[in-house]
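In what follows, every heavy atom counts, from backbone to side chain, and hydrogens, waters and symmetry copies are set aside. Per chain, numbering begins at 1; letters A, B, ... match sequence-line order.
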Number of protein chains: 2
Amino acid sequence: MTLESSRRQPAKATRCERCTLHARCLPLGLELDALESFEAIIQHPRPLKRGEVLVRQGGTFESLFVVRSGSLKQSVAQEGQRDQVTHFYLPGEVVGLDGIGEDNCYGSVVAMESTFVCELPFHRLEDLAEQLPELRGQLYRCMSRELRNDQRMMCLLSGRTADQRLASFMLGLSERFRLRGFSPYRFHLSMSRSDIGSYLGLALETVSRVLARFQQQSLATVAGRELTIHDMEALVALAEEGVGRHSGG
Amino acid sequence: MTLESSRRQPAKATRCERCTLHARCLPLGLELDALESFEAIIQHPRPLKRGEVLVRQGGTFESLFVVRSGSLKQSVAQEGQRDQVTHFYLPGEVVGLDGIGEDNCYGSVVAMESTFVCELPFHRLEDLAEQLPELRGQLYRCMSRELRNDQRMMCLLSGRTADQRLASFMLGLSERFRLRGFSPYRFHLSMSRSDIGSYLGLALETVSRVLARFQQQSLATVAGRELTIHDMEALVALAEEGVGRHSGG
DNA sequence: GGTTGCGGTTGATTCAGGTCAAGGAAGGGG
DNA sequence: CCCCTTCCTTGACCTGAATCAACCGCAACC
């Protein structure tokens, strides 16, 4: 379900070329005129404020979204259970791939701070992809990358300790920021401890404690939501370390 | 990496229409002549014996595979850690979607019993999809279905107890067998306790104990690898039940 | 027939992390 | 300014599941 069109901003022509995310976004590799056709289908819902809903669980699937600035989380509400955070989305990442080929959306997607997105109505994107092999390739690539990420996540959730989960989480974010041209050593966590806990399958208290421990060990500093990584190598070693018999060795 | 072509069986024309899985397979919804073009690209590697490798982790991605009979598991080997089972594949399911748009395969796929597959060389499939919107749609649908399954799995792995994981697992298998025309109440587990444990993020001893408990509670009977479900409703209730504060309530 | 090895079960023990509880810091609204 | 709420931290305690270990059944093989 998209935002009501009455609230949409007047269509400003988007120039992907000028976008700082161009090198990491969906239309990557499109020729000039292909890019123009692509830009023509982009819509811009009004900016979202912290806590606002972009996609409502169970709502009709109509569009993919690309984060332009800000960040969002996807969470899944299940029968009689607390919401569970399944994804965080940073600028340049595609929201809604899991809705393709289904009528309705699997989870809700909520802004964690002021957030701008580009909206891509899926039927128009599909039409366009029919003519642009490059775009088709990009779509497949996005989806399979997400499949691999989810699998990595499944491995993380089943075999690793709380420390290792947090280390992997921090390294993952660090890498994503680095790829987007930000510092991989120092960045802002837009999600709460509770979101992190839900995402990593830990109680929020555990998240808090592990972060404190990392700080004692001089691996990283966490001041509120400002994270500074001091010892990347140690974090990598921790994240990859095998434990026990069941999860590795 | 596919099996060496020298070992391939002579190309027998495949008739998807005649296949019992037709209604649940990739070419679903193709017109007659489209179906013929599809059948033309199908190859048949020789049948796999238990333990044989269909896809080797890190090998070049070339093909998707559809299970025709038998079953396989995907497992991921990580730096200094035990292999982790990430998927089980039953007849009609598509293997290899996570390799699309990457040079090499994310995990290894191994037969758990004598298994036949149809091989679809991806570049040929892509060419064909260019002409067949229906096929494109089916590919997207498969991938997004897998994305949703992985998310469900992530939720299962982070918030649920051992009993709930096993209950969900059994119900998931039951449903998959049902959809394929087999009994949802009584079926064969082609995977070991250790595979189940790895998949569900549990020690194999825990799997064994929980199964024994289910038996005591008359929820199901497990004789070796023959599983009989006695109380489907109770299992559903167990699987959906909220626990504690962190995972629900 | 004995041996070896794998898969599975069961028991005893341990511990990582969940739960409960209390309180502090920060931000927003009246 | 205070109040209220939300987020975070820290401590005490408890428990579910991992670990360690012994053992059984069975099939393959010599």
Quiz item: Looking at CG of A/Leu166 and OG1 of A/Thr206, how far apart are the two atoms once the value is rounded to the nearest 0.5 Å?
Solution: 9.0 Å
Quiz item: Can you list every salt bridge (charged side-chain N to carboxylate O under 4.0 Å, His left out) pair that touches residues 210-220 of chain B, not counting sequence neighbours?
Solution: B/Asp163-B/Arg213
Practice problem: May I ask you to decide if B/Val85's main-chain N or O and B/Ser75's side chain share a donor-acceptor pair within less than 3.5 Å? | Solution: no
Self-check item: Between CG on residue A/Leu179 and CG on residue A/Leu90, distance to nearest 0.5 Å
Solution: 10.5 Å
Quiz prompt | Any donor-acceptor N/O pair, B/Arg165 side chain to B/Leu157 backbone, under 3.5 Å | solution = yes
Quiz item: Which residues within residues 164-173 of chain B lie with some heavy atom under 4.0 Å of an atom in DNA chain C?
Solution: none
Practice problem: Hey, could you give me the CD/CD distance between A/Gln84 and A/Gln74, rounded to the nearest 0.5 Å? | Solution: 11.0 Å
Exercise. Find the distance between OH (B/Tyr89) and CZ (B/Phe65) and round it off to the nearest 0.5 Å.
Key: 11.5 Å
Quiz item: Rounded to the nearest Å, what distance is computed from the CG atom of residue A/Leu189 to the P atom of nucleotide D/dC8?
Solution: 9 Å
Practice problem: With the side chain counted from C-beta on, respond yes when B/Pro45 and B/Val117 share a heavy-atom pair under 4.5 Å apart, and no when they do not. | Solution: yes
Exercise. For A/Ile196 and D/dC8, give me the distance from atom CD1 to atom C1', rounded to whole Å.
Key: 11 Å
Self-check item: Pair B/Phe187 + B/Phe182: ring centers closer than 6.0 Å
Solution: no
Quiz item: Within this structure, what is the CD-to-C1' distance between A/Glu113 and D/dT6, rounded to whole angstrom?
Solution: 18 Å
Quiz prompt | For atom CZ of A/Phe214 and atom C1' of D/dT10, their distance in whole Å | solution = 18 Å
Report each atom pair, protein N/O against N/O of nucleotides 13-16 of chain D, whose distance is under 3.5 angstrom.
none

Can you give me every donor-acceptor pair (side chain of residues 220-230 of chain A, partner residue at least two apart or in another chain, under 3.5 Å) with its distance?
| unit_1 | atom_1 | unit_2 | atom_2 | d |
| --- | --- | --- | --- | --- |
| A/Thr221 | OG1 | A/His230 | NE2 | 2.3 |
| A/Arg225 | NH1 | A/Ser190 | O | 3.2 |
| A/Glu226 | OE2 | A/His188 | ND1 | 2.6 |
| A/Thr228 | OG1 | A/Arg186 | NH1 | 3.1 |

Distances under 3.5 Å between protein N/O atoms and the N/O atoms of nucleotides 22-29 of chain D, please, pair by pair.
none

Self-check item: Exam field: side chain A/Gln164 to backbone A/Glu241, donor-acceptor pair closer than 3.5 Å
Solution: yes
Practice problem: Treat primed atoms plus P, OP1 and OP2 as sugar-phosphate and everything else as base, then score nucleotides 6-13 of chain C 5' to 3': B for base contact with protein heavy atoms under 4.0 Å, S for sugar-phosphate contact only, - for none. | Solution: -SSBBBB-
Exercise. Please round to the nearest 0.5 Å and tell me the distance separating atom CD of B/Glu93 and atom CG of B/Leu72.
Key: 10.0 Å
Quiz item: Expressed in angstrom and rounded to an integer, what is the separation of A/Arg160 atom CZ from D/dA18 atom P?
Solution: 14 Å
Exercise. For the pair B/Ser158 (side chain) and A/Leu200 (backbone), establish whether a donor and an acceptor sit closer than 3.5 Å, ignoring hydrogens and angles.
Key: no
